[in-house]
Structure formats: structure tokens, C-alpha cells
Amino acid sequence: MKKVSRKVTELENTYRDEHPRLLSFIRSKVRSSEEAEDILQDVFIQAVQNFSATEPIENLLGWIYTIARNRIIDWYRKKRLPKVDVVDEEGVDLLEDLIGDLGISLEDDFIRKFLSEALIESIDELPEEQRDIFILQVVEGRTFREIAEMLDISINTAMARKRYAVLRLRRRLAQIKAVLEEN
């Protein structure tokens, strides 16, 4: 029983000590104070729910930050943006680049709106690892170095996952182009 109460006390102390730094970490990722507070609450609720007194956690602080990182990714995954501003590192509009590669004219606002919605749906359909990288890099504007550190992967892995995501999105847009050309 003493072991359980000692672990609970350790979790409580970690919450109290790390609350400001963890909140700052989350705010740096979501840029909304209210959303950051909500995510922080979710992090500690999940930590308490998944905390097991029988299974030791070697690095409690690392475990909590991993929960926070996963909650942030979940938040972006659930967030449906009405308009996706997709600009790559060189400042090229990825949507227009992808669609331009397929030979579709963006002059018509209806087609632009339709394609934007189709792109958002296509992003949602990406495999989780590719979608996370794509959202963090293209939508949020994170560098590959930041993403690699955040997800604990190599920069090359992050770049490859984004490339696979872009290739999938191009194939999906090619299918959409074929449908538009039929009509």
C-alpha cells in the first residue's frame, strides 16, 4: 500500500512541478491558451487513468510528455480546418502545385472549393504516421527537425513520410481529376 501511495504522490508532485513547463510546451504547439489548457487537463486525466501502481514507469516525466505529444497530435487530427493553407518550405502553395501538376485549372471557385474539400478528406484518409507528419509540417509549419524531435524519429524518416503523403495525395487528386473530366 505504501508503494501505491508513493507512486500517486510522485504523479501529483510531477503535475505540480511540471504544470507551467508542460503548459508552455503545449501552448507552443497549439497556439491557443484555451486549447492548451484543455489538452493539459486531458494529459493528466489520461496519466491518472493509465497510471498503474504495479507497472513501474522508469521516466515519469518522459511518459507524461509523450502523453502530451500524443494528445496534441490527436487534437490536430480531430480539428477539421475549413481552409487548408498548404505551403511548403520553399513557399510554394502545395495545393496549387499538386493540382497544377494534374493540369486542372483553378480559375473556377467551385472547383477550387471542391478540390480543397477533397484534399482535406484525402489528408484524413492518409495513414496515421504520414498524416501526422503532413499536418505538422504543411499545416502547422513545423520544420522537419522539430517534427523529428517531437515524434522521436530521424529527419530522414519525417521527410520520407511527408513524401509518401504527397505522393498519395497526388494519386488521389489524379482520381478526382478523372472524375471531373468525365463530367
- Message: Test of understanding: clusters of I, L, V, M, F, W, Y form through side-chain heavy atoms closer than 4.5 Å, transitively. Do Tyr65 and Ile39 belong to the same one?
- Response: yes
- Item | Other residues, nucleotides, ligands: >12 heavy atoms within 6.0 Å of Glu129 CD | no
- From Arg27 atom CZ to Glu34 atom CD, the distance as rounded to the nearest 0.5 Å: 9.0 Å
- Message: Nearest 0.5 Å, please: how far is CZ in Phe134 from CG in Leu126?
- Response: 7.0 Å
- Give the cluster check for Leu169 versus Leu167: same hydrophobic cluster or not, with ILVMFWY residues linked at side-chain heavy-atom distances below 4.5 Å. no
- Item | Closest non-hydrogen atom pair between Ser122 and Arg172, with its separation | OG-CG, 2.8 Å
- Message: Quick one, Ile133 with Ile153, criterion side chain to side chain contact (heavy atoms under 4.5 Å, CB included). Give me CA distance, side-chain angles, the key distance, then yes/no.
- Response: CA-CA 11 Å; Ile133 300 287; Ile153 58 174; 3.8 Å; yes
- Any donor-acceptor N/O pair, Arg69 side chain to Leu151 backbone, under 3.5 Å: yes
- Message: For Tyr15 and Leu22: C-alpha separation, side-chain torsions, deciding distance, then whether side chain to side chain contact (heavy atoms under 4.5 Å, CB included) applies.
- Response: CA-CA 9 Å; Tyr15 174 79; Leu22 192 56; over 6 Å; no
- Going from CG on Leu173 to CZ on Arg171, what distance comes out if it is rounded to the nearest 0.5 angstrom? 11.5 Å
- Message: Let me confirm one number: the CG-NE2 distance from Leu23 to His19, rounded to the nearest 0.5 Å.
- Response: 5.5 Å
- Any donor-acceptor pair under 3.5 Å from Glu146 side chain to Thr143 backbone: yes
- Message: Within the supplied structure, the quantity of interest is the number of heavy atoms (other residues, nucleotides, ligands) at a distance under 6.0 Å from Met159 CE; does it exceed 12?
- Response: no
- Item | Reported CG-to-CD distance for the pair Leu40 and Glu18, which is rounded to 0.5 angstrom | 11.0 Å
- Arg131 with Glu128: basic N within carboxylate O range, under 4.0 Å: no
- Task: Test side chain to side chain contact (heavy atoms under 4.5 Å, CB included) on Phe25 and Ile72 and set out the steps.
- Result: CA-CA 10 Å; Phe25 168 76; Ile72 292 166; 3.9 Å; yes
- Message: Is there a path of hydrophobic side-chain contacts, each under 4.5 Å between heavy atoms of I/L/V/M/F/W/Y residues, joining Trp63 to Ile45?
- Response: no
- Message: Using the rule given for side chain to side chain contact (heavy atoms under 4.5 Å, CB included), can you reason through Gln46 versus Asn70, listing the C-alpha separation, both sets of side-chain angles and the distance that settles it, and then say yes or no?
- Response: CA-CA 11 Å; Gln46 185 174 347; Asn70 290 338; over 6 Å; no
- Task: Keeping the roles fixed (side chain from Thr66, backbone from Gly62), state whether a donor-acceptor pair exists under 3.5 Å.
- Result: yes
